[in-house]
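Keep in mind it's a predicted model, so treat the numbers as computed, not measured. Numbering of ligands and ligand atoms starts at 1, following listing order.
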Amino acid sequence: MTYQNIILEHAEAGQISVLTVNRPKALNALNAATLDELAHAIARVAEDAGARALLVTGAGDKAFVAGADISAMRPMSTLEAHAFSEKGTRVMQAIEALPIPVIALVNGYALGGGCELALACDWIIASERALFGQPEVNLGIPPGFGGTQRLARLIGRARALELITTARSIKADEALRLGLVNHVVPGEQLMEKGLEMARLIAAKGPIAVRVSKQAVQRGLDLDLANGCVLETTLFAFAFGTADCKEGMTAFLEKRPAKFDGK
Ligand code: CAA
């Protein structure tokens, strides 16, 4: 598939992937074609056994993603809107289900579907220029790519409801205070900060990173006791890997570990 609306690139010998939504004239708004391309690219990353981390960002200096494409949505019937929401939801779920850490690098507007795209990533690094919001009620619709669910789970019911029902946008510093973003950096340092974090992850045991993500994500849907059972099972599973032997031997021999994901 040749992409028209996104770019998928690889850095650090293919270990770090960078996925860029690339429709700067429409502030990277998500139409059906862009969602299809995102689904395709995410499936490629999911199948890549050598992938260690994925960075997601938007092209240009104004927007991460300014939302679902309003001109594409305006003529939609109820059933078409249902299918569009399901398409977007599948993309967000595919990102969430990726076995590797996914970091959103929010370089500008992250509104509506753009905020939802960032929320589907494992954590967010924002530039000082970033602006977050769920302005859908201005258009007479609620969020449709998971915003009502993931925003409430991340920052709490009351804060999410305030933002969603007032359509108030928030700047990076408030997003940091609310726990929506992990870090705020000057715009020109955003990609480097993302790469720096991805390199840290890439240097760790890749199986350990993958099962840690699985334990946290799946565990959040379980009660504490069953979440701990999941963790114990994955912990024991890791002891069957060569990476585990290498990591512990390297520590005892006082040298850096060389993990090969086996
Ligand atoms: N859909 C389609 N086109 C969009 C868009 C969107 N979400 N956001 C911006 N654009 C387009 C504009 O129409 C404009 O196109 P033209 O040059 O052809 O007129 C171009 O991008 C530049 O935008 P502006 O001229 O509006 O730029 P600005 O700097 O004046 O304003 C903005 C920037 C505040 C982000 C403003 O564009 C805006 O409010 N955009 C819409 C934000 C929004 O409502 N997002 C939620 C969409 S609904 C949704 O996402 C549903 C869901 O949950 C699934």
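Note: Ser77 OG to His82 NE2 = 11.5 Å, rounded to the nearest 0.5 Å. Separation of atoms CG (Leu105) and CD (Glu192) is listed at 11.0 Å; rounding is to 0.5 Å. Going from atom SG of Cys115 over to atom CG of Leu151 covers 6.0 Å, rounded to the nearest 0.5 Å. Summarising the geometry, atom CD1 belonging to Ile170 is positioned 8.5 Å from atom CZ belonging to Arg177; distances are rounded to the nearest 0.5 Å. Taking CD of Gln134 as the reference point, atom CD1 of Ile164 lies at 5.5 Å (rounded to 0.5 Å). Atom CZ in Arg129 sits 10.5 Å away from atom OH in Tyr109 (nearest 0.5 Å).
Per-residue contacts place Ala29 under 4.0 angstrom from the following atoms of ligand 1 (heavy atoms of the residue considered): 1 (N), 2 (C), 6 (C), 7 (N). For ligand 1, the atoms sitting less than 4.0 Å from at least one non-hydrogen atom of Met73 are 48 (S), numbered in the order shown with element in parentheses. Shown in contact with Glu116 at under 4.0 Å from a heavy atom are these atoms of ligand 1, numbered in order with element: 52 (C), 53 (O), 54 (C). Shown in contact with Gly112 at under 4.0 Å from a heavy atom are these atoms of ligand 1, numbered in order with element: 46 (C), 50 (O). Shown in contact with Gly113 at under 4.0 Å from a heavy atom are these atoms of ligand 1, numbered in order with element: 49 (C), 50 (O), 53 (O).
Under a 4.0 Å heavy-atom criterion, Lys62 is in contact with ligand 1. The shell of residues lying under 4.0 angstrom from ligand 1, judged by heavy atoms, includes Pro143. At least one heavy atom of Pro135 sits less than 4.0 Å from an atom of ligand 1.
When hydrogens are left out, the protein atom nearest atom 10 (N) of ligand 1 is Ala26 O, 3.7 Å; that is the closest non-hydrogen contact. The single protein non-hydrogen atom nearest to atom 23 (O) of ligand 1 is Leu27 CD1, 3.6 Å, given as residue, atom name and distance. For atom 39 (O) of ligand 1, the closest non-hydrogen atom on the protein side is Leu111 CD1, 4.7 Å. From the protein, the heavy atom lying nearest to atom 1 (N) of ligand 1 is Ile70 N, 2.9 Å. Annotation: atom 31 (O) of ligand 1 to nearest protein heavy atom, Tyr109 OH, 4.3 Å. For atom 42 (C) of ligand 1, the closest non-hydrogen atom on the protein side is Ala66 O, 3.3 Å. Among all protein heavy atoms, the one lying closest to atom 7 (N) of ligand 1 is Ala68 O, 3.0 Å.
The nearest protein heavy atom to atom 36 (C) of ligand 1 is not closer than 4.0 Å. Atom 18 (O) of ligand 1 is not flagged as protein-proximal [any protein heavy atom, distance under 4.0 Å]. Distance remark: protein heavy atom not present below 4.0 angstrom from atom 25 (O) of ligand 1. In this structure, atom 13 (O) of ligand 1 has its sub-4.0 angstrom surroundings free of protein heavy atoms. Under the 4.0 angstrom criterion, atom 45 (N) of ligand 1 counts as having a protein heavy-atom contact.
At a heavy-atom distance under 4.0 Å, only backbone atoms of Lys25 (N, CA, C or O) approach ligand 1.
Between the side chain of Asn107 and the main chain of Gly60, a donor-acceptor pair closer than 3.5 Å is present.
Listed here is the closest heavy atom pair of Gly194 and Ile125: CA-CD1, 4.1 Å.
Of the candidates Leu119, Leu54, Asp122, Leu117, Leu117 is the only one forming a side chain to side chain contact (heavy atoms under 4.5 Å, CB included) with Ile95.
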CA sep, side-chain torsions, deciding dist, call: Phe84, Phe145, ring-ring contact (aromatic ring centres under 6.0 Å, His included): CA-CA 9 Å; Phe84 184 62; Phe145 293 168; 5.4 Å; yes
Does Arg153 form a side chain to side chain donor-acceptor pair (under 3.5 Å) with Gln149? I'd like the steps, not just the answer. CA-CA 6 Å; Arg153 280 166 173 74; Gln149 305 307 303; 3.2 Å; yes
Under the side chain to side chain donor-acceptor pair (under 3.5 Å) criterion, do Thr241 and Asp243 qualify, and how do the steps go? CA-CA 5 Å; Thr241 67; Asp243 279 356; 5.5 Å; no
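If you check each of Thr148, Asn138, Asp69, Leu139 against atom 48 (S) of ligand 1, the one with the closest non-hydrogen atom is Leu139.
Hydrophobic clustering (ILVMFWY, side-chain heavy atoms < 4.5 Å, transitive): Trp123 and Met92 are in distinct clusters.
The pair Glu246-Lys258 does not meet the salt-bridge criterion, since no charged nitrogen lies less than 4.0 angstrom from a carboxylate oxygen.
At under 3.5 Å, not a single nitrogen or oxygen of Ile141, backbone or side chain, sits near a nitrogen or oxygen of ligand 1.
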